[in-house]
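Taking it in order: structure first as structure tokens, then the write-up.
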Amino acid sequence: MPELPEVETIRQGLLRRLVDHEIIGVRVRQPNLREKVEVDMLLTNVVGRSIVGVERRAKYLLMQLRPEGILVFHLGMTGRLWLGKPVAQDAPHDHLVFHLGPDLELRFHDTRRFGMCFYTTTKELPEHPRFRHLGPEPLSPDFSGPYLEERARGLWKPVKNFLMDASVVVGVGNIYASEALFAARVHPKREVGRLRRPQWDRLCGAIKDVLQAAIDAHGTSFSDYVDSDGRRGDFQNQLLVYGREGAPCVRDGHPIRRMIQAGRSTFYCSRCQR
DNA sequence: CGGTGGACCTGCTGGC
DNA sequence: TGCCAGCAGGTCCACC
């Protein structure tokens, strides 16, 4: 479900309301997520500690604990974190409940259970198996046209698949990959080894622009994405190709097409993306 | 080595 | 109404 802009929106909401709260208790209703939740690990290392910050790396949310440690969440395709007053009854797919005081609790809800929640230490995080291989943040200066060109050297995979490879760049999922390729006027099937510097510069700029615009709009909501306060995003109104099969291209009026790449839908304009 | 396809899960929609 | 295929915003791993 959430790509970088949605996770970043959730992070900002959590940061405002979670900091300085102590985790008083944890209730695990369903440990079988993408990765089995280690209940003992949470009880030992998370309960009794306070949240002092909320950061993001790729699509992971990192809750900094005092005196030490990080509580990590990944939302997979359908994960949500709800922050609010304790509710009387658990809803279906409410898998984890973090008690934060008499008036506050955090619920991890995830229909498809592709999400994750685990504890790690600050020291171990960079070498953690889930983090070790991750590429640069797309909004950082490390992510540039020359960097993309260098990483693409000798490869022949389609550029869309390349942009969704987390070892190349993190946070670019299926929606924003299509949107960035459209903005840069690059055809999703182009082989990366044959793209030249101007195209890499355009793609890099398009990725930064699209992600920043989506963050500014608080993410994309189709039917169900909401942030930790239950608010929908607005970026669905600014999507130019994703989900618009058959609609006219905003640049040249040619119908937007859909195709399958690596098992995922790609939306593009066959006339102005080359 | 690089690249693809399927696996993991549940729920919704549209066609017959 | 029922059933079934296809689809969904992510990630990993076995296999060519």
Side-chain angles (χ1 to χ4, degrees), chain A residues 1-11 29-37 56-61 72-81 91-95 108-118 128-135 138 151-181 188-194 207 210-211 214-215 217-227 232-246 258-267:
Chain A
M1 170 199 327
E3 300 183 36
L4 186 148
E6 291 75 34
V7 177
E8 178 60 22
T9 300
I10 291 165
R11 183 194 74 80
R29 300 186 64 226
Q30 167 60 280
N32 298 311
L33 306 183
R34 171 72 197 271
E35 193 173 78
K36 183 136 186 154
V37 176
R56 179 189 58 73
R57 171 75 173 112
K59 297 169 188 164
Y60 293 88
L61 283 164
V72 181
F73 290 92
H74 193 290
L75 302 178
M77 294 275 267
T78 52
R80 304 179 194 178
L81 282 169
H93 311 300
D94 281 356
H95 304 312
F108 179 83
H109 176 285
D110 186 5
T111 308
R112 292 176 71 181
R113 283 193 268 130
F114 289 167
M116 285 178 261
C117 174
F118 56 89
H128 190 282
R130 301 275 174 189
F131 291 83
R132 197 165 42 202
H133 73 283
L134 294 177
R151 286 297 307 268
R153 189 171 301 162
L155 305 183
W156 59 274
K157 69 163 87 171
V159 62
K160 194 228 187 187
N161 302 9
F162 177 74
L163 295 179
M164 290 180 66
D165 180 342
S167 72
V168 173
V169 59
V170 300
V172 182
N174 204 39
I175 297 179
Y176 300 110
S178 281
E179 292 297 315
L181 285 160
K189 276 193 172 162
R190 284 293 298 276
E191 293 176 15
V192 289
R194 293 162 59 160
I207 289 167
V210 166
L211 292 177
I215 291 170
H218 309 295
T220 298
S221 292
F222 292 129
S223 52
D224 60 349
Y225 159 74
V226 288
D227 70 13
R232 290 166 54 81
D234 293 320
F235 199 71
Q236 63 277 11
N237 304 315
Q238 296 176 57
L239 296 175
L240 300 181
V241 287
Y242 189 87
R244 300 189 69 242
E245 183 179 15
R258 181 171 80 94
M259 66 177 166
I260 302 297
Q261 288 183 281
R264 322 289 306 274
S265 287
T266 303
F267 297 86

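Just so we're on the same page: letters track the sequence lines, and every chain starts at 1. If you're wondering where the values come from, they're calculated on a predicted model, not measured in any experiment.
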Not counting sequence neighbours, which residues clear side chain to side chain contact (heavy atoms under 4.5 Å, CB included) with [X]? List them please.
{"X": "A:I215", "value": "A:L4, A:P5, A:E8, A:Q12, A:L139, A:Q212"}
{"X": "A:R244", "value": "A:A247, A:V250, A:I256"}
{"X": "A:P188", "value": "A:K160, A:L181, A:M259, A:Q261, A:T266, A:Y268, A:Q273"}
{"X": "A:D227", "value": "A:T9, A:I10, A:Y225, A:D229, A:R231"}

Tell me the interatomic distance from [X], atom [atom1], to [N], atom [atom2], rounded to whole angstroms.
{"X": "A:R132", "N": "C:dC12", "atom1": "CZ", "atom2": "P", "result": "11 Å"}
{"X": "A:H133", "N": "C:dG10", "atom1": "NE2", "atom2": "P", "result": "14 Å"}
{"X": "A:K36", "N": "C:dT11", "atom1": "NZ", "atom2": "C1'", "result": "20 Å"}
{"X": "A:R80", "N": "B:dT10", "atom1": "CZ", "atom2": "P", "result": "16 Å"}
{"X": "A:K59", "N": "C:dC12", "atom1": "NZ", "atom2": "C1'", "result": "13 Å"}
{"X": "A:Y60", "N": "C:dG10", "atom1": "OH", "atom2": "P", "result": "12 Å"}
{"X": "A:D110", "N": "C:dG10", "atom1": "CG", "atom2": "C1'", "result": "11 Å"}
{"X": "A:F131", "N": "C:dT11", "atom1": "CZ", "atom2": "P", "result": "11 Å"}

Legend entry - Bracket notation of DNA chain B in which parentheses pair within the strand, [ ] cross earlier pairs, and | pairs with another strand (Watson-Crick or G-U, under 3.5 Å): .|||||||.|||||||
Inset, instruction - Choose from C:dG10, C:dC12, C:dA8 the nucleotide whose nearest atom is closest to any side-chain atom of A:R258. - result: C:dA8
Listed pairs, N/O of protein and of nucleotides 13-16 of chain C, under 3.5 Å:
none

Inset, instruction - Using only side-chain N and O atoms of A:R264, determine if any of them is under 4.0 Å from OP1 or OP2 of C:dC7. - result: no
Legend entry - Residue-phosphate contact under 4.0 Å: A:H74 side-chain N/O, C:dT11 OP1/OP2: yes
Partner residues of [X] under the ring pair (Phe, Tyr, Trp, His ring centres under 6.0 Å) criterion, sequence neighbours left out:
{"X": "A:F118", "value": "A:H128"}
{"X": "A:H109", "value": "A:W82"}
{"X": "A:Y176", "value": "A:F235"}

Legend entry - Distance, P atom - from C:dC7 to B:dG5, rounded to whole angstrom: 14 Å
Legend entry - Rounded P spacing from C:dA5 to B:dG6 in Å: 16 Å
Legend entry - Distance-only side-chain donor-acceptor flag, A:S265 / A:R258, under 3.5 Å: yes
Inset, instruction - Determine yes or no for a side-chain-to-main-chain donor-acceptor pair under 3.5 angstrom, with A:E3 supplying the side chain and A:N174 the backbone. - result: yes
Inset, instruction - Look at all strands and tell whether A:S265 reaches a base, only sugar-phosphate, or nothing, counting heavy atoms closer than 4.0 Å. - result: sugar-phosphate
Legend entry - Trace of the salt bridge (Lys or Arg N to Asp or Glu O under 4.0 Å) decision for A:E6 with A:K59: CA-CA 9 Å; A:E6 291 75 34; A:K59 297 169 188 164; over 6 Å; no
Legend entry - Pairs flagged by salt bridge (charged side-chain N to carboxylate O under 4.0 Å, His left out) wherever residues 169-181 of chain A is involved - sequence neighbours left out: none
Legend entry - Set of residues satisfying salt bridge (charged side-chain N to carboxylate O under 4.0 Å, His left out) with respect to A:R151, sequence neighbours excluded: none
Inset, instruction - Assign a letter to each nucleotide of nucleotides 3-9 of chain B from its 5' end: B, base within under 4.0 Å of a protein heavy atom; S, sugar-phosphate only; -, no contact. - result: SS---BB
